[in-house]
Amino acid sequence: MIDLHVHSTESDGTDTPCELVTLAKQVGLHAFALTDHDTIGGLKYARPAAKEAGIELIPGIELSTDYEGKEVHILGYYIDENNPDFLKHLDTFVNSRDLRNEKMTVLLQKEGFAITMKDLYRENPESVITRAHFARALLEKGCVTSVSQAFDKYLGDGKKYYRPKQMIEPEEAIRLIRVAGGLPALAHPLQYKLGWKKTEQLLSYLKEAGMMGIEVYYSSHSQSDSLHLREIASRLGLVSTGGSDFHGANKPDIHLGSGYGGLRVSALLLDNIKARLQQKNS
């Protein structure tokens, strides 16, 4: 079994990259992809640990994009971490997030919430700060009773303290991932709540832009959902991928490798991903 959608403390997860390797070993994973938001900073920590544990670490990322006013995420697999064009654009993404986070911090402080940037970074000054960090800080200070309540009351899309971050278009994310030698895939396609017709239209559009895969297997997908997505992927010539979207304590019901308990992602998917990348680069 494998897991191709995993987050660490380098973005909005609560397990360090090395802790993820230990956990992956415990649950019997053959491989996992570290797909932090807008950063590949965790790979340098996870790689030696994964090598020692005998687990394949897939260098990945998850990029946020804007599709017709909706935030859509593009996963990238087997990224070349040294590609200069890719790294330059990652710096731009992080700077955009930093500006957004400063605005949200000031806004919360004006309303009487004792939140500082130091609270958000905690023990990891290199992490990419997301709304999950704000939610955890609010929880730790007793302002909310749960992370989900922080989003429902304050931080969710359209809520009082939400401020959008500057995002690129999906075509640019796909281009960057391909420039870095990676395979781009649409993350959790049903979370955008477009309905099947518009979801397939989105997939067709992204395929024309160079997308190569789709997250068919996901924690919240039913068996019927996955079967339907697999059929669409086959018809469009897209590779099927799958992952839990593990975030540790920030999504406590989702477990590494098994999601809510029923997720099973076969290592055979990696063979298809590698074959597609080899075909692209030949």
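Keep in mind that this is a model prediction, so the values were computed, not measured.
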What pairs with Gln149 under side chain to side chain donor-acceptor pair (under 3.5 Å), at least two apart in sequence or on another chain? Thr145
Between the main-chain N or O of Ile55 and the side-chain N or O of His30, is there a donor-acceptor pair closer than 3.5 Å? no
Is there a side-chain contact between Ile40 and Leu87, using heavy atoms and a 4.5 Å cut-off? yes
Would you kindly confirm whether Ile254 and Leu20 end up in one hydrophobic cluster when ILVMFWY residues are joined by side chain heavy atoms under 4.5 Å apart? no
Counting distance only, does the side-chain N/O of Gln109 pair as donor-acceptor with the main-chain N or O of Ile115 below 3.5 Å? yes
Test side chain to side chain donor-acceptor pair (under 3.5 Å) on Asp12 and His133 and set out the steps. CA-CA 7 Å; Asp12 54 348; His133 292 84; over 6 Å; no
Kindly indicate whether the side chain of Leu75, heavy atoms from C-beta on, has any atom under 4.5 Å from the side chain of Glu62. yes
Answer yes or no: is there a donor N or O on one side and an acceptor on the other, between the side chain of Ser244 and the main chain of Leu256, under 3.5 Å? no
Taking only residues two or more places apart in sequence or in another chain, which ones pass side chain to side chain contact (heavy atoms under 4.5 Å, CB included) with Ser224? Ser222
Of all residues at least two apart in sequence or in a different chain, which pass the side chain to side chain donor-acceptor pair (under 3.5 Å) check with Lys207? none
When rounded to the nearest 0.5 angstrom, what distance separates CZ in Arg230 from CD1 in Ile214? 12.5 Å
Aromatic ring pairing Phe113/Tyr154, orientation class (parallel under 30°, perpendicular over 60°, tilted between): perpendicular
Under 3.5 Å donor-acceptor pairs involving side-chain atoms of residues 172-187, not counting sequence neighbours:
unit_1	atom_1	unit_2	atom_2	d
Glu172	OE1	Arg175	NE	3.1
Glu172	OE2	Arg175	NH2	3.1
Arg178	NH1	Gly210	O	2.7

Would a hydrophobic clustering, with Ile, Leu, Val, Met, Phe, Trp and Tyr connected at side-chain separations under 4.5 Å, put Met167 with Ile61? no
Walk me through it: do Asp91 and Lys88 pass the test side-chain contact (heavy atoms from CB on, under 4.5 Å)? CA-CA 5 Å; Asp91 287 340; Lys88 181 180 73 174; 5.6 Å; no
Side-chain (His73) to main-chain (Glu71) donor-acceptor, under 3.5 angstrom: no
Do Ile273 and Arg276 have side-chain heavy atoms sitting under 4.5 Å apart? no
Kindly indicate whether the side chain of Leu138, heavy atoms from C-beta on, has any atom under 4.5 Å from the side chain of Leu155. yes
Do any pairs count as a side-chain hydrogen bond (donor to acceptor under 3.5 Å, both in side chains) and have a residue in residues 252-272, sequence neighbours left out, and if so which ones? none
hydrophobic_cluster_shared for Leu23 and Leu29, side chain cutoff 4.5 Å: yes
Stepwise side-chain contact (heavy atoms from CB on, under 4.5 Å) check, Val27 with Asp3: CA-CA 11 Å; Val27 300; Asp3 193 332; over 6 Å; no
Given the rule in the side-chain contact (heavy atoms from CB on, under 4.5 Å) test, do Leu270 and Tyr78 qualify, once you have shown the distances and angles that lead to the verdict? CA-CA 11 Å; Leu270 281 184; Tyr78 291 105; 3.6 Å; yes
Show, in sequence, the C-alpha distance, side-chain angles and deciding distance for Ile58 and Leu34, and conclude whether the side-chain contact (heavy atoms from CB on, under 4.5 Å) test is met. CA-CA 6 Å; Ile58 298 141; Leu34 186 56; over 6 Å; no
Does Asp36 use its side chain to pair, donor to acceptor, with the backbone of Ser8 at less than 3.5 Å? yes
Side chain Asn101, main chain Ile129, donor-acceptor under 3.5 Å: yes
Applying side chain to side chain contact (heavy atoms under 4.5 Å, CB included), name anything that partners Ala50, two or more places apart in sequence or on another chain. Val21, Leu57
Sub-4.5 Å side-chain heavy-atom contact between Leu203 and Met211: yes
Qualifying salt bridge (charged side-chain N to carboxylate O under 4.0 Å, His left out) pairs, either residue in residues 22-32, two or more places apart: none
A quick test of your reading: do over 12 heavy atoms of other residues, nucleotides or ligands sit less than 6.0 Å from CD of Glu111? yes
Contacts satisfying ring-ring contact (aromatic ring centres under 6.0 Å, His included) that involve residues 207-238 (not counting sequence neighbours) are His188-Tyr218, Trp196-His228, Tyr218-His221
Return yes if some donor-acceptor pair links the side-chain N/O of Ser240 with the main-chain N/O of Val216 below 3.5 Å, else return no. no
Cluster overlap Met117 with Met104, hydrophobic side-chain contacts below 4.5 Å: yes
Please examine the side chains of Leu229 and Leu190, heavy atoms only from C-beta on, and report whether any two atoms are closer than 4.5 Å. yes
Within-4.5 Å side-chain heavy-atom neighbours: Thr241 and Val265: no
Under the rule for side chain to side chain contact (heavy atoms under 4.5 Å, CB included), what residues qualify as partners of Asp157, not counting sequence neighbours? Arg131, Tyr162
Any heavy-atom pair between the side chains of Ser204 and Leu236 that's under 4.5 Å? yes
Determine yes or no for a side-chain-to-main-chain donor-acceptor pair under 3.5 angstrom, with Arg100 supplying the side chain and Arg163 the backbone. yes
For Lys70, the side chain to side chain contact (heavy atoms under 4.5 Å, CB included) test, sequence neighbours excluded, returns Tyr192, Leu194
Going by the rule side chain to side chain donor-acceptor pair (under 3.5 Å), which residues pair with Thr116 if we only count those two or more places apart in sequence or in a different chain? Asp119
Closest heavy-atom pair and its distance - Gly69, Asp66: N-OD1, 3.0 Å
Which residue pairs pass the side-chain hydrogen bond (donor to acceptor under 3.5 Å, both in side chains) test when at least one of the two sits in residues 42-53, sequence neighbours left out? Tyr45-Glu126, Arg47-Glu81
